[in-house]
Amino acid sequence: MTNGAASAARDFAHRLLAWYDRAARRLPWRVPPGSSAMPDPYRVWMAEIMLQQTTVAAVAGYFERFTARWPTVADLAAADDADVMAAWAGLGYYARARNLLACARAVVTEHRGRFPETEAGLRALPGVGDYTAAAVAAIAFGRPAVVVDANIERVIARHRLIETPLPAAKREIKAALAPLVPDDRPGDFAQGLMDLGATICTPRSPACSLCPVMDDCRARSCADLERLPVKPPKKAKPQRYGVAHWIERDERIWLIRRPAKGMLGGMRALPGGEWCATPPPESGIARVDHSFTHFDLRLTLVRGEWPDEATDAAAEGEWWPLSALDAAGLPTLYRKLIDRLREVKE
DNA sequence: CAGGCGTGGAA
DNA sequence: TTTCCAAGCCT
């Protein structure tokens, strides 16, 4: 690297960190900039897992509940699977909850209860990919890791005018970012870039006039700045249909647990058949339309008898008190369907 | 690499 | 209303 490039890199980090010192979002899992204390790796890891593809607003309450109930990685490792899955209900991407438990137990049994401090060590844990390993290494352990999430992709793709479409651009973006990462405060640098992407360099209508690295941004004068980073076209979602069974006896409802893999894997659910492309003949007692990542579902609720109409007989089940249904930890799909039934009854 | 995998808020 | 998409990971 030339002296000029090294100087420009230091200046980039300096401007970003100065802005972060002033404008950092105060978040439950974050140590304020300037604090000499290092954050608890357990809390950093927990937040990073919850924040995968999930908004800060959605995560905040879950983070507070999880860390209050399981204050340390050893507490979480000792928790019952059913309790953790139920506590995760509503947050989505349930493989994260299964991996959260697997990871906590791996840290306890294979790492003496301490998170690995290197990217490679972290990367080997369940549910920890390139992004999360780099983020935890930088934020919790002060390692100069190259952290690249969707916010940082956007900031760098614009700042360097990288027009290669994602996901191919990822390597280019990481290469452009690497020389900018400072040895001092790499965690604040990563969080500063993410805050910049979340609040200034937004997908639409970015507030360039407030940007601390505007001066040398190559996309600054582009009228179509918002098109960066270039993303691949989206595919249309197919429509699917399903039936769920309302099986009630003695003020209790029959709930099953879904198979560990696949949609809503490992979660409690109403019993029902496979979801397929053709609508069911039944009219049902309630109905809900729910949009998943890769298909739309119309789920119809019908009255059923146990066990004949509990079609997934292989699944384990339990009679759950109707008065405590909110505590069952049902995914949003089923919660919406049951809410609809309650509306009909009233 | 491409596709599976949730949800809710913003525009 | 529809579309987009948010601190991705796994296979």
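Proteins get letters first, then strands, A, B, ... in listed order; numbering begins at 1 in each. This structure is a prediction, so every number in the text was calculated from the model and none was measured.
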| message | Quick check for you: among C/dA6, B/dG6, B/dT7, whose closest atom lies nearest to any side-chain atom of A/K231? | response | C/dA6
| With a 4.0 Å cut-off on heavy atoms, is A/R98 in touch with a base, just the backbone sugar-phosphate, or nothing at all? | nothing
| query | Has A/H290 got a side-chain N or O lying under 4.0 Å from the OP1 or OP2 atom of B/dG6? | reply | no
| request: Hey, which sits more toward the 5' end of DNA chain B by its nearest nucleotide, A/Q52 or A/A57? | output: A/Q52
| query | With sequence neighbours excluded, what pairs up with A/E318 under the salt bridge (charged side-chain N to carboxylate O under 4.0 Å, His left out) test? | reply | A/R268
| request: May I ask you to say what A/A150 touches in the nucleic acid, namely base, sugar-phosphate or nothing, with a heavy-atom cut-off under 4.0 Å? | output: sugar-phosphate
| note | Between A/K261 and A/A198, whichever has its closest DNA chain C nucleotide further toward 5' is A/A198
| request: Could you tell me whether A/G262 contacts a base, only the sugar-phosphate backbone, or nothing, with contacts defined as non-hydrogen atoms closer than 4.0 Å? | output: sugar-phosphate
| task | Please work out if A/L27 contacts a base, only the sugar-phosphate, or nothing of the nucleic acid, heavy-atom cut-off 4.0 Å. | result | base
| query | When you measure from the side chain of A/Y131, which nucleotide among C/dA6, C/dC9, B/dT7 comes out closest? | reply | C/dC9
| field | Separation of atom CZ in A/F292 from atom P in B/dG6, rounded to whole Å | value | 7 Å
| said: Whether the A/Q52 and A/T132 side chains hold a donor-acceptor pair (N or O, under 3.5 Å, no angle test) is what I'd like checked. | reply: yes
| query | Is the distance from OP1 or OP2 of B/dC5 to the nearest side-chain N or O of A/K237 less than 4.0 Å? | reply | no
| said: For A/R185, is there an ion pair with A/D21 - N to carboxylate O distance below 4.0 angstrom? | reply: yes
| task | Using only heavy-atom distances, decide whether a donor-acceptor pair under 3.5 angstrom links the side-chain of A/T293 to the base of B/dG4. | result | no
| note | Here the distance between atom P of C/dG8 and atom NZ of A/K174, to the nearest Å, is 14 Å
| field | A/F63 and A/W29 aromatic ring geometry - parallel, tilted or perpendicular at 30°/60° bounds | value | perpendicular
| task | Select base, sugar-phosphate, or nothing to describe what A/T332 touches, counting heavy atoms under 4.0 Å on all strands. | result | sugar-phosphate
| query | Where the side chain of A/L333 is defined as all heavy atoms beyond and including C-beta, which of C/dC9, B/dG3, B/dT7 is the nearest nucleotide? | reply | B/dT7
| What is the nucleic acid contact for A/P232, judged by heavy atoms within less than 4.0 Å: base, sugar-phosphate only, or nothing? | nothing
| query | Would A/H294 and A/F292 count as a close aromatic pair, with their ring centres under 6.0 Å? | reply | no
| query | A/H294 has an atom NE2; how far is it from atom P of B/dG6, in whole Å? | reply | 8 Å
| message | What's A/G90 touching, base or sugar-phosphate or nothing? Going by heavy atoms closer than 4.0 Å. | response | sugar-phosphate
| message | I need the CE-C1' distance between A/M194 and C/dA6, as an integer number of Å. | response | 12 Å
| field | Short side-chain N/O contact from A/Q53 to OP1 or OP2 of C/dG8, under 4.0 Å | value | yes
| message | Would you say A/Y93 places a side-chain N or O within less than 4.0 Å of OP1 or OP2 belonging to B/dG4? | response | no
| Between A/E48 and A/Y131: side-chain donor-acceptor atoms closer than 3.5 Å | yes
| remark: With the side chain defined as heavy atoms from C-beta on, A/K234 is closest, among C/dA6, C/dC4, C/dC9, to C/dC4
| request: Looking at every strand, decide which applies to A/R154 at a 4.0 Å heavy-atom threshold: base, sugar-phosphate, or nothing. | output: sugar-phosphate
| request: Can you tell me the distance, in whole Å, between the CG atom of A/L299 and the P atom of B/dG6? | output: 15 Å
| remark: A/Q239 CD to C/dT2 C1', in whole Å, measures 15 Å
| query | Taking atom P in both B/dG6 and C/dT3, what distance in whole Å separates the two? | reply | 22 Å
| query | For A/L100 and C/dG8, what is the distance between atoms CG and P respectively, to the nearest whole Å? | reply | 16 Å
| said: Categorize A/V128 for me: base, sugar-phosphate, or nothing, with a 4.0 angstrom heavy-atom threshold over every strand shown. | reply: sugar-phosphate
| query | How is A/W29 classified with respect to the nucleic acid when contacts are heavy atoms under 4.0 Å: base, sugar-phosphate, or nothing? | reply | base
| What is the nucleic acid contact for A/S291, judged by heavy atoms within less than 4.0 Å: base, sugar-phosphate only, or nothing? | base
| task | Would you mind telling me which of B/dT7, C/dC10, C/dC5 lies closest to the side-chain atoms of A/N99? | result | C/dC10
| query | Using a cut-off of 4.0 Å on non-hydrogen atoms, how would the nucleic acid contact of A/L264 be classed: base, sugar-phosphate, or nothing? | reply | sugar-phosphate
| said: Once you apply a heavy-atom cut-off of 4.0 Å, does A/K170 come out as touching a base, just sugar-phosphate, or nothing? | reply: nothing
| task | Determine whether the side chains of A/R30 and A/Q191 contain a donor N or O and an acceptor N or O closer than 3.5 Å. | result | yes
